[in-house]
Amino acid sequence: MLSPLIEEHQQVLLKKEKNFKVVQIRKKRPVWMEKVKFTLDGTIGHPYGSSFEVQDGELVRVVSKSEPEVLGTEGTISKGEDNRNLQDTDENQKLSRDDITAMKKEGVSGESIVEHLIENSATFKTKTEFAQQKYIKKKKKKHLAVFIILRPTTRLLCEMYFNKGPSKICNLRIDSLAQLLTQANVRANSKVMIVETCVGLIVGAVMERLGGTGTIVQFYPGTAPVRQAVEAYNFPKTYFTNMHSFPLNMVNTLGRNSETNPNTQASNGASEDLNTDCVPTSEDAPEEKNLNDAPALEKKNTKYTEMESGSAPFDNPEKSEEHAAKRKFIEENNERRQSKLKQLEEVRQIIKQGNMDGLIVASKFQPTPIVMALIDFVAPSRPIVIYSQYHEPLADCYLRLRERGGVLQLKMTETWLREYQVLPSRTHPVINMSGTGGYLLTGITVTRPQSGQR
């Protein structure tokens with residue numbers, strides 16, 4: 001069970017206004033955020049959701065004040081009827097920039113600086129109530145270095161990536177991610193196949209829902225799976241027991257020389273498309289190429305080992321030690337290679353059973369060949385969900401699935417999300433909003449009739 005308190009070596013989310021940053025709690029390690037440098041030593045042992053203020057380069061827990069507390073007793077400050085006579089000039093503020101800098105050097109807190117700015121403002125009392133609140137909010141943002149530490153969750157991580165770099169997660173918005181997980185029917189003990197290029201965000205979201213149960217098979221391009229977002233969840237080691245990975249450019253080997261489920265039928269055309277359309281070349285994935293050529297490499301290394309072991313002993317002790325180190329290095333490489341081959345074979349057998357409970361595809365590649373190559377390993381009456389930030393790839397996949405058959409309730413949807421500001425007498429839609437959160441293509445697999453049957 002995850003601890004409710006902040007602990008060392010954990011990944012946490014630092015929040016300031018609408019800005020987020022994932023950091024690891026380590027003592028005496030400086031962190032930069034919003035042009036402020038500080039350490040996280042003072043946060044250890046406090047509950048998640050606590051507010052901290054930077055004091056002398058360290059985070060100290062504080063209880064932030066609300067606007068009425070900053071102003072004094074609510075209602076004692078006079079307010080103006082409108083702002084028609086206000087003029088934005090430097091003469092309105094009696095405190096100069098040098099005075100504020102001197103106060104910061106003396107160690108005056110940000111709350112006190114804001115109070116001094118209010119007291120020395122010539123136009124604050126003539127502003128309307130809404131204008132006063134906006135003024136306080138603006139000054140707090142400038143002079144208060146208050147951070148909130150939160151536990152990383154799927155919603156917060158998705159919002160962070162979407163606001164900072166949406167291209168990293170294929171412009172996957174939080175509402176689209178929620179619908180993707182719901183349509184895929186991700187639940188405890190599910191067996192899910194995932195193809196994604198979203199820095200591991202979807203893999204982490206599925207792991208969070210599975211809660212350490214079920215099975216996940218992640219297909220990855222390149223030499224190794226990218227799980228940057230998964231590391232931020234602080235999952236225990238038991239969650240990774242049933243976590244498997246398989247190279248995307250080896251998907252075509254799943255149907256070779258093997259007896260698959262009677263409901264599955266290999267698609268040669270999909271295999272060819274998978275090689276040409278969406279899978280990196282062998283130059284981009286040298287590790288997978290080496291795994292395919294393992295017998296030849298093993299033979300070469302064995303021959304080299306035999307030659308070294310059969311050679312005459314070295315008279316020089318230094319050369320003898322170097323010779324022993326080389327032999328040890330070769331043996332370790334052989335062990336690692338054999339271990340990788342064994343793991344790939346285990347994952348291959350899991351996929352070949354053809355009883356996966358769902359398929360999720362959300363990548364920058366053309367989804368059609370990927371779906372056509374993997375849909376045969378999904379059990380009947382199970383969902384498939386394909387996400388793309390563009391409409392055209394899903395339209396092509398929709399037509400291919402209709403031609404193939406074996407999928408019911410095929411539909412393509414687009415979600416529309418708009419954030420609202422909810423404040424007294426000021427509730428309205430936020431002016432800036434995202435244009436689209438991407439598109440989803442969903443369907444349910446069924447058993448296709450065998451050849452000769454109607």
query = Is the count of non-hydrogen atoms from other residues, nucleotides or ligands lying under 6.0 Å from Lys134 atom NZ greater than 12?
reply = no
task = Might you work through the side chain to side chain contact (heavy atoms under 4.5 Å, CB included) test for Arg29 and Gln24, ending with a clear yes or no?
result = CA-CA 9 Å; Arg29 182 182 181 181; Gln24 186 181 28; 3.8 Å; yes
ask   = Do Glu111 and Val146 have side-chain heavy atoms sitting under 4.5 Å apart?
value = no
request  = Show your reasoning for whether salt bridge (charged side-chain N to carboxylate O under 4.0 Å, His left out) applies to Glu345 and Lys342.
outcome  = CA-CA 5 Å; Glu345 185 60 28; Lys342 184 179 179 181; over 6 Å; no
message = For a 4.5 angstrom cut-off between non-hydrogen side-chain atoms, does Tyr387 reach Gln183?
response = no
request  = Ignoring hydrogens and angles, tell me if any N or O in the side chain of Asp357 forms a donor-acceptor pair with the backbone of Lys191 under 3.5 Å.
outcome  = yes
ask   = When the ring planes of Phe235 and Phe240 are compared, do they come out parallel, tilted or perpendicular, using 30° and 60° as the limits?
value = perpendicular
Over 12 non-hydrogen atoms of neighbours within 6.0 angstrom of NZ in Lys139 = yes
ask   = Taking all atoms of both residues into account, what is the closest heavy-atom pair of Phe162 and Leu172, and its distance?
value = CD1-O, 3.6 Å
Side chain to side chain contact (heavy atoms under 4.5 Å, CB included) between Asp396 and Gln366, worked out = CA-CA 9 Å; Asp396 177 69; Gln366 177 75 13; 3.3 Å; yes
task = List the atom of Val22, the atom of Ala232, and the distance in Å for their closest heavy-atom pair.
result = CG1-CB, 4.0 Å
Closest non-hydrogen atom pair, Cys170 against Lys364 = SG-N, 4.1 Å
Heavy-atom side-chain proximity of Leu254 to Phe246 below 4.5 angstrom = yes
ask   = Just wondering, more than 12 heavy atoms not from Leu423 lying within 6.0 Å of its CG?
value = yes
task = Before giving the answer on side chain to side chain contact (heavy atoms under 4.5 Å, CB included), spell out for Leu201 and Met160 the whole-Å C-alpha distance, their side-chain angles and the decisive distance to 0.1 Å.
result = CA-CA 11 Å; Leu201 178 63; Met160 181 191 72; over 6 Å; no
query = Which pair of non-hydrogen atoms, one from Ser50 and one from Pro47, has the smallest distance, and what is that distance?
reply = OG-O, 2.6 Å
Student check: side-chain heavy atoms of Val186 and Ile360 closer than 4.5 Å = yes
query = What are the two closest non-hydrogen atoms of His244 and Asn242, and how far apart are they?
reply = CD2-O, 3.5 Å
query = Mind checking whether Leu401 and Ile384 have side chains closer than 4.5 Å, heavy atoms only?
reply = yes
ask   = Quick one: side chain to side chain donor-acceptor pair (under 3.5 Å) partners of Glu196, sequence neighbours excluded?
value = none
Donor-acceptor contact below 3.5 Å, side chain Arg151 vs main chain Ser3 = yes
message = Looking at Lys27 and Glu8, would you say the former's side chain and the latter's main chain have a donor-acceptor pair under 3.5 Å?
response = no
inquiry  = I want to check something: taking the side chain as every heavy atom from C-beta on, are Glu53 and Val60 in contact at a cut-off of under 4.5 Å?
reply    = no
ask   = Can you tell me how far the CD atom of Glu346 sits from the CD1 atom of Ile350, to the nearest 0.5 Å?
value = 7.0 Å
query = Any side-chain donor paired with an acceptor under 3.5 Å for Gln353 and Gln349?
reply = no
remark   = The residue among Thr241, Asn189, Thr238 that forms side-chain contact (heavy atoms from CB on, under 4.5 Å) with Thr213 is Asn189
Passing option when Asn334 is tested against Arg337, Gln338, Glu332 for side chain to side chain donor-acceptor pair (under 3.5 Å) = Arg337
ask   = Short question: side chain of Ser176, backbone of Gly437 - any donor-acceptor pair under 3.5 Å?
value = yes
key: Summary of salt bridge (Lys or Arg N to Asp or Glu O under 4.0 Å) pairs that have at least one residue in residues 165-183, sequence neighbours excluded   = Arg173-Asp175
query = For Phe52 and Phe38, what are the C-alpha separation, side-chain angles and deciding distance, and is it a ring-ring contact (aromatic ring centres under 6.0 Å, His included)?
reply = CA-CA 11 Å; Phe52 298 87; Phe38 50 88; 9.9 Å; no
ask   = Is any side-chain heavy atom of Phe219 less than 4.5 Å from a side-chain heavy atom of Leu374?
value = yes
task = Report yes if the distance between the aromatic ring centroids of Tyr233 and Tyr239 is under 6.0 Å, otherwise no.
result = no
message = Working note: Arg227 + Glu231, criterion salt bridge (charged side-chain N to carboxylate O under 4.0 Å, His left out); need CA distance, chi angles, decisive distance, verdict.
response = CA-CA 7 Å; Arg227 296 172 183 169; Glu231 298 175 357; over 6 Å; no
ask   = Considering all heavy atoms of both residues, which atom of Cys198 and which atom of Ala362 are nearest to each other, and what is their separation?
value = SG-O, 3.7 Å
ask   = Does some side-chain heavy atom of Pro247 sit less than 4.5 Å from a side-chain heavy atom of Tyr220?
value = yes
Inter-residue atom distance Leu14.CG - Asn19.CG, 0.5 Å rounding = 11.0 Å
request  = Determine whether more than 12 heavy atoms belonging to other residues, nucleotides or ligands lie under 6.0 Å from atom CD of Gln421.
outcome  = yes
query = Can you check side chain to side chain contact (heavy atoms under 4.5 Å, CB included) on Ile375 and Thr445, steps first, answer last?
reply = CA-CA 8 Å; Ile375 193 174; Thr445 61; 4.1 Å; yes
inquiry  = Going by side chain to side chain donor-acceptor pair (under 3.5 Å), name the residues that satisfy it together with Ser245, two or more places apart in sequence or in a different chain.
reply    = none
